[in-house]
**Student:** 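Quick one: this structure, given as structure tokens, is what I'll be asking you about.
One-based numbering, in listed order, for ligands and for the atoms of each. Since the structure is predicted, the reported quantities are computational estimates derived from the model, not experimental observations.
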Amino acid sequence: MSAIRGWCPSAWRPMLAGDGLLLRVRPPLARLTRAQALLVAELATAYGNGAIDLTRRAALQLRGFDEAGWRAAVDRLVSAGLVDPDPAIEAVALTVAPDWREGDDTHRVACALTARRGDLPPLPAKFGIAVDAGERSVLGDAPADLRVERGVDGGLILRADGRARGVRLGRGKEVDAIVALADWFAASEGATAGRMARHAAVLPAWASGGATPLVGELEGEQVTPRYGRVTGIELASLADKLEALRVTPKRSLLLERGAARVPAPPSSSNIPFWKERRHAEDLLEGCRGAGMSLTSPEATSLHQPGAGPPAVPGENRVRVSGAVQARPRSPLASAPHRARVDACVGAPACPQASVVTRALADLLAAAPLAGPIHVSGCTKGCARSAPAALTIVGRGGRYDLVRDGRADSPPFRRGLTAAALLAQLGAD
Ligand code: SF4
């Protein structure tokens, strides 16, 4: 194993970050059973530094591993059906609309594509495919290069990223079309551009259509951790009372509570049930042994929306503060977010960052500023790809300011210290 820098990490190709190796897990069909979620929580706590980041590709990034811990964790993730034993297959980034039900179009197409991942040609590391075929397409701007979506006429369409319209798909032909368009991308030297949206070649006639996607909002009971960050202990506490969790590209977790709503995705897991039970019991026992209550009022509030933190108006969500467990709640952690603020992990955890991001984002969130606000450690903009009213970008240990743009847009102020930035924005 060699640690990879500047590369899209996977379970088999961990990236070396400022806090150790970063291990990315993409749950099959975006779903974690209770036992799988407890296993992820256990591995993050036992081998990593306990931090888990939810990503905009609906993956879980476990942080702070050393090489021995990474190896042990991957072996158990493979046994639990959360990582494919073939690194080439695992590298195919498949994002699935998390609100699927067994037998619906998202479930059907995602299962068929999962089974045929080996038919895809070699693709750039960041190339991704989205299956978003519910009653409405809900993945929004989640990164993907090929998208199977619901069209406005009710049928399914295939749309190349960067194009407003796609081509209608025949039932049962969806995966053939995905593989054919991926083949075209590879053959037309799309790897030089890296992503479909940047690939200027004219699409083949069969893939050029006038069908537009029917867009909707993801519904269902969700937990949205602040900045997409949970700890292993928080994840265990949340998963313990649930049937399963779905990971969304909104960096939230969709909760499954009832067996009637819990379709079982196909799994290559051959882990005996009693062993999965054992993982869960070991973790819960370890938490109790460490004096951490899993049934504290704060933890319980996660399972009983309405008894916990207030729901965000207009959204069927519960915001989780940074202090679900017994550790002291900092004044910043409980500061009201008056604007929607996104922030990547920043320095020191990310080697690409030269500045701290989330502490600054906390201060901006508490200031009377119109959002959305995006604080990015560099121009890559991992936390948000859509434009924001205000984007703060780290560069050389200082901050640049972008108005109505993205992290890679031209700034209107450059090279500010944190103090100067706050003064400029009236947030000091
Ligand atoms: S945007 Fe943030 S997390 Fe992403 S590479 Fe840059 S500093 Fe790192």
**Student:** Could you tell me the separation between the CG atom of L16 and the CD atom of E67, rounded to the nearest 0.5 Å?
**Tutor:**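 One gets 10.5 Å once the value is rounded to the nearest 0.5 Å.
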**Student:** With a 4.0 Å cut-off on N to O distance, would you call R136 and E217 a salt bridge?
**Tutor:**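 No salt bridge links R136 with E217.
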**Student:** Considering non-hydrogen atoms of the protein only, which is the closest contact for atom 6 (Fe) of ligand 1, and what is the distance?
**Tutor:** C378 SG, 2.3 Å
**Student:** Under 4.0 Å from any heavy atom of A353, which atoms of ligand 1 are there?
**Tutor:** 7 (S)
**Student:** Using a 6.0 Å distance limit plus a 45 degree cone around the ring axis, check whether R246 lies over the aromatic ring of W100.
**Tutor:** yes
**Student:** Over 60° means perpendicular and under 30° means parallel, so tell me whether H199 and W184 are parallel, tilted or perpendicular.
**Tutor:**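 Plane angle between 30° and 60°, so tilted.
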**Student:** Can you check whether A386's main-chain N or O pairs, donor with acceptor, with R384's side chain at less than 3.5 Å?
**Tutor:**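 Flag set: sc R384 to bb A386 pair under 3.5 Å.
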**Student:** Which ligand 1 atoms, with their elements, are less than 4.0 angstrom from a heavy-atom of S376?
**Tutor:**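 Those of ligand 1 that fall under 4.0 Å from S376 are 1 (S).
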**Student:** Specify whether an N/O/S atom of C350 falls short of 2.8 Å from atom 8 (Fe) of ligand 1.
**Tutor:** yes
**Student:** Any N/O/S atom, side chain or main chain, of C344 closer to atom 2 (Fe) of ligand 1 than 2.8 Å?
**Tutor:** yes
**Student:** Looking only at protein heavy atoms, identify the closest one to atom 4 (Fe) of ligand 1 and say how far it is in Å.
**Tutor:** C382 SG, 2.4 Å
